[in-house]
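Below: one structure, written as structure tokens.
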Amino acid sequence: MKSVLVINAGSSSLKYQLIDIEDKKVIAKGLCERIGIADSLMSYKPHDGDKVEIKRDMKNHEEAIALVLDTLVDAKIGVIPDMSGIAAVGHRVVHGGEKFADSVLIDDGVIEAIRECIPLGPLHNPANLMGIEGCRAVMPDVPMVAVFDTAFGQSMEPKTYMYGLPYEAYEKYGIRRYGFHGTSHRYVTGRALALLNKPDAKVISCHLGNGSSVSCSIGGRCVDTSMGLTPLEGLPMGTRCGSIDPAIVPYLMDRAGMSAKEVDAYMNKKSGMLGISGVSSDFRDLWAAANEGVERAKLALSMFALAVKKYIGAYAAEMNGVDAIVFTAGVGENDRGVRELVLKGLDYLGAEADFEYNLSCPRGVETDISQNHSKVKIFVIPTDEEMAIANDTAALAL
Ligand code: AMP
């Protein structure tokens, strides 16, 4: 068996999955939490066993990865006899700037380039680097691959990725649309092309979760995407405002006396579904409140669905048509009510949903919720970023 370890490192957390690359199966997965903080712990779930929680001091990412490896080869609860079972490691890296249009084998130069992208991804890239360097320290001879959230968006044309600011903002500061959720958009788009059996199809993928973005592509190459320089642009999200009039920022600073940092937190953490509804950022809570008659919860849900619908219309225009619309991620895969709101009134586009089936279709599997005669197919496709990372890692490293 050849397996790939997939690592998604946050500043104090580290998600991991060990994937059998031949059978495309998850052998074990889990999460290290509170790294570098008191009471750190790791969850671990082998494919054929119960989830366990291991309380262990993890001072840094290196110690977290060492604990992951010890557990994977543990005589009692481990899933592989020894470390030679891990053929390569794939790392999720959030921001690759304009340096990376594809996944890449990690060497010193790549690490340096990821470091140079820290100003663009100040929250995520340092954590991603800690994951990479932690792995290097404990498994120096195992090849590693970086898979970038921004890589999918690198095929956009300048007319799509430029903002209407002075050109020097792009040249001096790298201010442009990069797009995020790229690994997810690429994965579900690839699945849609396979389901359509049409390699050059036009696809609009709606990654709707706590963070949400819409992307469109032709033949698997990204044409446009709703997130921008940062993941704040585009749809209103769980706690992010999405696209707003940029003049609101100085207006808030003047009127409310907020600092730039405070406005940033206001837009990223207090806005979106949470800020509009005053109830929650979680769509399940929003529906529960809406069903009890809470008007602002209804408003938040309808604002969200309208924003998704507007992107679908814009992207169909941009591509001169669309063959398939895909729903994915926590809300896209599970929230039938949101899908219904988005899909009502798209028949002008040739996208005709089977609304009855939309309400009863199984969860967790790929399914077609369009009517048989619908010109545009509408798919629900569970995203699997870890599998996409594992596949890229295997292709480059094995
Ligand atoms: P993600 O960021 O992809 O993990 O998605 C998280 C979002 O998915 C949260 O807002 C959840 O409310 C939403 N979600 C998860 N399961 C369901 C469900 N069964 N029905 C509605 N929304 C759900």
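Atom set for the values below is all heavy atoms of this structure, side chains included, hydrogens, waters and symmetry mates excluded. We count ligands from 1, going down the list as the structure has it; atoms in each ligand are counted the same way. Each residue takes its place number in the sequence, starting with 1.
- Ring pair H181/H207 is parallel by interplanar angle, where below 30° counts as parallel and above 60° as perpendicular.
- Every residue two or more places apart in sequence or in another chain was checked for a salt bridge (Lys or Arg N to Asp or Glu O under 4.0 Å) with E356, and none qualifies.
- Among residues two or more places apart in sequence or in another chain, the side chain to side chain contact (heavy atoms under 4.5 Å, CB included) test is passed with C216 by I204, V223, D224, Y315, M319.
- Here D39 pairs with nothing under the side chain to side chain donor-acceptor pair (under 3.5 Å) rule; sequence neighbours left out.
- Using cut-offs of 30° and 60° for the angle between ring planes, the F180 and H95 rings count as perpendicular.
- Enumerated by chain and number, the residues approaching ligand 1 to less than 4.0 Å through a heavy atom are G209, N210, S281, D282, F283, R284, A329, G330, V331, N334, D335, R363.
- Surrounding NZ of K45 are more than 12 heavy atoms belonging to other residues, nucleotides or ligands, all under 6.0 Å away.
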